[in-house]
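Every value quoted in this text rests on a predicted model; they were computed, and no experiment measured them. All residue numbers in this chain count up from 1 along the given sequence.
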Amino acid sequence: MATFTIFGNLSATMGTVLFTQNTLLMQIGQMSVYFTNGLGYAVETLSGNFKGQGEKEKFIPLVRVSVASSLLVGFSFAAACVFFPQNIFGLLTNHTEITSDINTYAWGLIFLLAFSSASTMLEGYFLGLAQGDIIRNVSSIATVVGFAPSAIAAWYFHNNHILWLSVSLFLFAKTALLAVYLAKSLSSDANTEPVSGAPVGN
């Protein structure tokens, strides 16, 4: 929340047109989030059920299907905005000075929605395992390492492209760190599986 609040505040310092364009782009991002959050809730429920039932072998297929599905949703929203910006954003505002060159920044939605969609699924996985502390720690690190340096540069150079880069780096760092914890989680589960077979005699 703090990251996107800072994003909005920095957008406001770059003028009314850029602020409005960024707001409209984020509106599209929020629409996509409604869909991916629904998938995330399903992942949360399923991962919790699988853990409770001892069916940890289903974790990998669950993650694969959910991430692929969420990426499809995210890319669909981003593609619509990149290829049909006037049609999509024309539904949100009738001010042509806002929509005329909004496609200049619409590319940012590709990275934002890709990383956001994937990280939402991974968050659902860890929430289902009652490991919300991982999400907290990852978000904090991603804010400091991924977002803050580029956000400061965007403010210093007064550059909207760098500002969008800062959000993309934040979500990329968040997704990458969650993927690392996911690999550790799956490896730990595999190592704790009981070994079947006949006992070895003396």
Side-chain angles (χ1 to χ4, degrees), residues 1 3-40 42-43 63-124 139 142-143 145-155 157-179:
M1 292 297 294
T3 297
F4 287 101
T5 298
I6 294 172
F7 174 87
N9 291 338
L10 290 177
S11 297
T13 67
M14 297 182 183
T16 303
V17 173
L18 279 179
F19 173 68
T20 307
Q21 289 175 335
N22 285 351
T23 301
L24 291 180
L25 290 167
M26 281 298 180
Q27 288 287 333
I28 298 298
Q30 288 296 322
M31 292 181 192
S32 175
V33 166
Y34 290 138
F35 288 87
T36 55
N37 272 349
L39 294 172
V43 172
V63 172
R64 286 177 178 172
V65 171
S66 61
V67 170
S69 301
S70 64
L71 285 175
L72 179 61
V73 172
F75 280 129
S76 297
F77 275 87
C81 294
V82 170
F83 293 110
F84 309 103
Q86 301 304 317
N87 302 85
I88 299 299
F89 296 106
L91 297 173
L92 302 177
T93 180
N94 58 0
H95 293 281
T96 56
E97 69 273 19
I98 302 298
T99 59
S100 60
D101 64 341
I102 196 171
N103 58 309
T104 303
Y105 305 106
W107 64 268
L109 286 176
I110 297 176
F111 301 100
L112 185 146
L113 294 182
F115 297 135
S116 174
S117 298
S119 64
T120 298
M121 296 306 102
L122 297 179
E123 286 179 348
S139 297
T143 299
V145 176
F147 176 76
S150 296
I152 293 172
W155 168 79
F157 293 106
H158 209 66
N159 189 297
N160 197 40
H161 288 291
I162 300 178
L163 183 58
W164 274 97
L165 176 64
S166 68
V167 177
S168 297
L169 289 175
F170 163 70
L171 292 171
F172 169 76
K174 187 176 178 181
T175 303
L177 290 170
L178 286 172

Let me have the donor-acceptor pairs involving side chains of residues 166-178, under 3.5 Å, with sequence neighbours excluded, atom names and distances please.
from: S166; atom 1: OG; to: L163; atom 2: O; distance (Å): 2.4
from: S168; atom 1: OG; to: W164; atom 2: O; distance (Å): 3.1
from: K174; atom 1: NZ; to: E123; atom 2: OE2; distance (Å): 2.6
from: T175; atom 1: OG1; to: F115; atom 2: O; distance (Å): 3.0
from: T175; atom 1: OG1; to: L171; atom 2: O; distance (Å): 2.8

Donor-acceptor contact below 3.5 Å, side chain S117 vs main chain S70 = yes
Got a sec, which residues hit ring pair (Phe, Tyr, Trp, His ring centres under 6.0 Å) with F77, two or more places apart in sequence or on another chain?
-> F35
For V17, what residues pass the side chain to side chain contact (heavy atoms under 4.5 Å, CB included) criterion, not counting sequence neighbours?
-> Q21, I98
Residue list, side chain to side chain contact (heavy atoms under 4.5 Å, CB included) with A80, at least two apart or on another chain = I88
Write out all pairs satisfying salt bridge (Lys or Arg N to Asp or Glu O under 4.0 Å) with one or both partners inside residues 88-114, taking only residues at least two apart or from two chains.
-> none
To the nearest 0.5 Å, what is the distance between CD1 (I102) and NE2 (H95)?
-> 12.5 Å
Sequence neighbours excluded and cut-off under 3.5 Å, please list the side-chain donor-acceptor pairs for residues 4-14, or say none.
from: T5; atom 1: OG1; to: M1; atom 2: O; distance (Å): 2.8
from: N9; atom 1: ND2; to: T5; atom 2: O; distance (Å): 3.4
from: S11; atom 1: OG; to: F7; atom 2: O; distance (Å): 2.8
from: S11; atom 1: OG; to: N22; atom 2: ND2; distance (Å): 2.8
from: T13; atom 1: OG1; to: L10; atom 2: O; distance (Å): 2.6

Output all residues satisfying side chain to side chain contact (heavy atoms under 4.5 Å, CB included) with F83, sequence neighbours left out; order by chain, then residue number.
-> A79
For T143, enumerate each residue passing the side chain to side chain donor-acceptor pair (under 3.5 Å) test, keeping only those at least two apart in sequence or located in another chain.
-> T3
Side-chain contact, heavy-atom cut-off 4.5 Å: L109 with C81?
-> yes
May I ask you to test the F75-L113 pair for a side-chain heavy-atom distance under 4.5 Å?
-> no
Check ring pair (Phe, Tyr, Trp, His ring centres under 6.0 Å) between Y105 and all other residues, then give those that pass, not counting sequence neighbours.
-> H161
Residues 25-38 vs side chain to side chain donor-acceptor pair (under 3.5 Å), sequence neighbours excluded, gives none
Results of side chain to side chain contact (heavy atoms under 4.5 Å, CB included) for L92 - residues two or more places apart only | L24, I28, M31, F89
